[in-house]
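Everything on this sheet refers to the single structure shown next.
Given the structure is predicted, the values throughout are model-derived calculations rather than measurements. Values reported hereafter were calculated over all heavy atoms of this structure, with side chains retained and with hydrogens, waters and symmetry mates removed. In what follows, residues are counted from 1 in the order of the sequence shown.
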Amino acid sequence: MSGLSRLIQRSSLFSLTLLFCWGVMNSPAFAGESEGITVIGLGSVDAKPDVVELTGVIIGQGQLAGDAVTKFHGNRRRAEAAFKNLKVPGLEVMAEGMSLYSSLNASQIQAMMRGMAVNNAGSQELSVSETLKLRVTGIDKLSSQELLETIVRIVDSGKDAGVIIGNDTTPAVPGSYNASKARNTMATFKVTKVKELKEAAFEAAIKNAREQAEKLAKLTGVKLGKVTSIDGAGHAQVGTAAIYRQLVTRNVSASGFNHSEEQGSDLMKEIPIAVTVRVTYSIE
């Protein structure tokens, strides 16, 4: 056999050896990261709302700017006095900002809808408005009847003072109907301190994941080992408690949870705070 033939034969054997080694190292028997049981744990905590919020709008209108501003200030003082005289425990009235705009009168709106030129711009009314946030804390200590009576008192008092309570139902196009604005939502119920509630939900999710993994291990005739990863926390061989702390810390930091974060609903009922967690257990 010539030297060239022996060289080709040795090169071929070397290539086959490399392919065999690469295949063995990447087989399931050596892919430690792919071994184990992975489950998705679900956790949820139902919390009673402790805050209710209503939105109110104060408006002053007039042909002249001075008249609009004067009417606005008068309505503002009347609203402040009305809400203060209610003496509702935990009621806060917070200003959310003012806006100034001019609006068309009825004849101008009709002309615009007919495709006609809108003239006489001098007759447009100037409007000065301010949005108020009416917030009542501590409602979790009230019964449903007491809470309903409190909300009704605030709404009626605001309307008597000229405050428009609820979301904006004004159609984008005058004279048109918008089904999404047909329902005037008066109140939003909120749960505060979401951070603490999510931590409790994570505990429930991890417990749920453990139960699922134990069932799968029993069905497959294997013994469940340690937690190797949890929701991408890593594959370090540490205890479940340590990995849980990593998970909560990472999720709280990434999401920016704090004591002021809130979760709301239009329904006057308990609000679920739910989380999911992906956990991988080793097999012994």
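Applying the side chain to side chain contact (heavy atoms under 4.5 Å, CB included) test to V51 and every residue at least two apart in sequence or in another chain returns E53, R135, T137, K190, T192. Partners of E96 according to the side chain to side chain donor-acceptor pair (under 3.5 Å) rule, which considers only residues two or more places apart in sequence or in another chain, do not exist here. By the side chain to side chain donor-acceptor pair (under 3.5 Å) test, S99 pairs with S129, sequence neighbours left out. The side chain to side chain donor-acceptor pair (under 3.5 Å) search around T220 returns none, not counting sequence neighbours. Looking at residues two or more places apart in sequence or on another chain, you find a side chain to side chain contact (heavy atoms under 4.5 Å, CB included) between A213 and I37, V39, L224, Y281. For the salt bridge (Lys or Arg N to Asp or Glu O under 4.0 Å) test, no residue two or more places apart in sequence or in another chain qualifies with E211. With sequence neighbours left out, Q145 forms a side chain to side chain donor-acceptor pair (under 3.5 Å) with E149. The side chain to side chain contact (heavy atoms under 4.5 Å, CB included) check on D46 picks up S44, E270, P272, with sequence neighbours excluded. Looking at residues two or more places apart in sequence or on another chain, you find no salt bridge (Lys or Arg N to Asp or Glu O under 4.0 Å) involving K87.
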Run the side-chain donor-acceptor check on residues 72-79: report pairs under 3.5 Å with partners two or more places apart or on a different chain.
from : atom 1 : to   : atom 2 : distance (Å)
N75  : OD1    : R78  : NH2    : 2.3
N75  : ND2    : I59  : O      : 2.7
N75  : ND2    : K71  : O      : 3.3
R76  : NE     : E130 : OE1    : 2.5
R76  : NH1    : E80  : OE2    : 2.6

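L86 is connected to I165 through a chain of hydrophobic side-chain contacts under 4.5 Å among Ile, Leu, Val, Met, Phe, Trp and Tyr, so both are in one cluster.
The hydrophobic cluster containing I40, built from Ile/Leu/Val/Met/Phe/Trp/Tyr side-chain heavy atoms closer than 4.5 Å, also comprises L42.
The main-chain N or O of T280 is never found under 3.5 Å from a side-chain atom of T38 such that the two would form a donor-acceptor pair. Listed for the K223 side chain is no donor-acceptor partner under 3.5 Å among the backbone atoms of E284.
At least one side-chain heavy atom of I230 sits under 4.5 Å from a side-chain heavy atom of V277. Contact check for K215 versus K218: no side-chain heavy atoms found under the 4.5 Å cut-off. By the 4.5 Å heavy-atom criterion applied to side chains, L142 and T150 are counted as neighbours.
To the nearest 0.5 Å, atoms CZ (F83) and CD1 (I154) are separated by 7.5 Å.
Screening residues 150-159 for salt bridge (Lys or Arg N to Asp or Glu O under 4.0 Å), with sequence neighbours left out, gives no hits.
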Go through the steps for F189 and L147 under the test side chain to side chain contact (heavy atoms under 4.5 Å, CB included), then give the verdict. CA-CA 11 Å; F189 305 92; L147 176 56; 3.9 Å; yes

